[in-house]
Amino acid sequence: MTGTNYLFCACTDGSAWQVLGNAPFTVTNIAVAGTFSGSATQVAQWKNDRVLIIDTNANGYRDWNGVTLTPLSGTTSAPAGGTRIATYASRVWIVIVTGNGRTIVWSEVDDYSDFTGTGGSTTLTDETLTSSIQQLVVANNFMYIMGVDSINVIADVQVVGGVTQFSNTNLVANSGSNFPQSVIPYFRSIWYMDNSGIYALYGATPRKASDALDGIFQRIDFDQPITAGSVTLYNKLCVAYNVVYMDQEAGDRRIVLIYFNKKWFVASQSVEVDGIATAHGGVDRLFGTLGSNVYEMFTDTTSAIDQKMESRLWDFDDFISIKQCMQFGCEMNIPGGVGSIDATVDTERFQQSPSVSLGGSFAFTWTNSVGALFSWTNSL
């Protein structure tokens, strides 16, 4: 598997698949239906030669080396199953099924199957973790432990007298996430989403990054899966969140909230995928799933796309007056080949539909301050 990018796909029927990350996107069956639980499968990369898989079902810990799926639970000292997995400080860290989702076990140094020796376990008893561990994320030389409303970090892992020691520090006691797949590293920060917004953890300080999306958050269906990833768009590394937006006009639909450099924009695809994930490898590429299909997103940069911009009906905060729009104007940069721009102006009583055609060529003439005439023709 060295030097080759793959996607790992766990399906709701308990099967698992490997997809080559580049054309021809070869699909390989890893496990048949019923092998895994179908809803609680998690993976982590071990070095660059295998994937470690944890699940809550029987024999839930396995490894896949690109050819063979090997059960580790019951055959080694590995745990029987778990809910979260990460590789950090040359070890495997697993949140096990027992212990109310608050117990983490770790392996021997530089070993993914031996949990004896310098391996061990710890249970988070602090009241800052009010529920169970939601996710483990490794970044910035830390392993972040995400709770529903807390964030801890494990750091400084070392062996002293044959015993593994490390620091476990609570960073935040009132912010976290109950959407495990929304927690991702982005540059030097950790991004995550809860019902109130999207936050970026810089050091020990979480900052809300989604103030501009407060109106959208009021109409997000939080009962639907929320997933996140990073993607390179026009050489800009962006963070993306896939959510269900309860559109009052178009009905419920999937949208992707994308951020770069203090700016947010909303994207949608011709296929409304259920979940997204990133394929790393020099350039971050975003993939989405729908049913049993996997799609690479944001790959077509040439096809013409119909776009719609819609503002709210604004009464200028004067509810006793009814106003009529007399003029309409817009300003935009128009590339070559644009067909037309259609606009409607709505009031409380009726709708006007002016249309501006941009096909062919059109000319402008203006007069300068001394009365000389100049003309200009566009390039369409």
Side-chain angles (χ1 to χ4, degrees), residues 1-11 14-32 35-36 40-57 59-96 104-120 135-144 154 157-159 164 166 181 184-185 229-230 277-287 289 294 296:
M1 301 179 73
T2 302
T4 305
N5 293 323
Y6 293 98
L7 299 173
F8 177 85
C9 303
C11 300
S15 63
W17 303 79
Q18 171 185 284
V19 180
L20 182 64
N22 303 288
F25 300 102
T26 306
V27 178
T28 303
N29 180 242
I30 295 175
V32 299
T35 303
F36 299 107
T41 308
Q42 300 284 310
V43 301
Q45 180 176 321
W46 178 260
K47 299 181 179 179
N48 60 347
D49 63 356
R50 68 189 60 237
V51 169
L52 303 178
I53 309 168
I54 197 69
D55 200 279
T56 57
N57 66 347
N59 296 321
Y61 185 41
R62 304 168 188 253
D63 83 275
W64 167 256
N65 63 2
V67 178
T68 305
L69 181 68
T70 303
L72 300 174
S73 301
T75 61
T76 68
S77 54
T83 59
R84 300 290 179 255
I85 186 170
T87 55
Y88 171 65
S90 301
R91 306 164 183 264
V92 182
W93 304 72
I94 297 174
V95 180
I96 60 176
I104 302 175
V105 300
W106 61 86
S107 68
E108 173 72 271
V109 178
D110 203 29
D111 199 302
Y112 61 87
S113 61
D114 185 1
F115 285 73
T116 62
T118 59
Q135 188 61 287
L136 301 177
V137 176
V138 177
N140 309 325
N141 202 33
F142 300 108
M143 185 174 72
Y144 295 83
I154 285 179
V157 181
Q158 54 186 309
V159 177
T164 298
F166 52 82
Q181 304 307 317
I184 60 170
S230 54
T278 300
H280 301 284
V283 175
D284 283 10
R285 299 155 61 204
L286 199 64
F287 287 80
T289 62
V294 179
E296 184 172 0

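- Taking all atoms of both residues into account, the shortest heavy-atom contact from T35 to N57 is O-ND2, 2.5 Å.
- Less than 6.0 angstrom separates the ring centroid of F166 from the ring centroid of W93.
- Between A86 and V138 the shortest heavy-atom distance is CB-CG2, 3.9 Å.
- Side chains of T26 and V19 form no contact here, defined as non-hydrogen atoms less than 4.5 Å apart.
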TODO: Start with the C-alpha gap between F36 and I53, add the side-chain angles, then the distance that decides, and say whether side chain to side chain contact (heavy atoms under 4.5 Å, CB included) holds.
DONE: CA-CA 10 Å; F36 299 107; I53 309 168; 3.7 Å; yes
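- Using a 4.5 Å cut-off on side-chain heavy atoms (C-beta onward), S77 and D114 make contact.
- Residues V157 and M143 have side chains not in contact (no heavy-atom distance under 4.5 Å, counting atoms from C-beta outward).
- Contact detail for N29 and W64: the closest heavy-atom pair is O-CH2, 4.5 Å.
- Here the closest non-hydrogen pair linking S230 and L286 is O-CD1, 3.9 Å.
- Counting only heavy atoms from C-beta outward, the side chains of I94 and Q42 never approach each other to under 4.5 Å.
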Could you pull out all donor-acceptor pairs under 3.5 Å where a side-chain atom in residues 66-73 meets a protein atom, sequence neighbours excluded?
{"from": "S73", "atom 1": "OG", "to": "Y61", "atom 2": "N", "distance (Å)": "3.0"}
{"from": "S73", "atom 1": "OG", "to": "P79", "atom 2": "O", "distance (Å)": "2.6"}
{"from": "S73", "atom 1": "OG", "to": "A80", "atom 2": "O", "distance (Å)": "3.2"}

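- For the residue pair T164/R91, the side-chain donor-acceptor check at 3.5 Å is satisfied.
- Judged by distance alone, the side chain of Y144 and the main-chain N or O of I154 form no donor-acceptor pair under 3.5 Å.
- Not one N or O on the side chain of T87 forms a donor-acceptor pair closer than 3.5 Å with the backbone of W46.
- With V105 as the partner, the side chain to side chain contact (heavy atoms under 4.5 Å, CB included) test is satisfied by one option alone out of V92, V95, I96: I96.
- A distance-only check finds a donor-acceptor pair linking the side chain of T76 to the backbone of S113 [under 3.5 Å].
- Looking at residues two or more places apart in sequence or on another chain, you find a side chain to side chain contact (heavy atoms under 4.5 Å, CB included) between V294 and L7, C9, F287, T289.
- A heavy-atom distance below 4.5 Å is not found between the side chains of W17 and I30.
- No side-chain heavy atom of Y112 sits under 4.5 Å from any side-chain heavy atom of K47.
- In this structure, the side chain of N140 does not engage the main chain of F142 through any donor-acceptor pair within 3.5 Å.
- Scanning all heavy atoms of the two residues, the minimum distance from V137 to P185 falls at CG1-CD, 4.0 Å.
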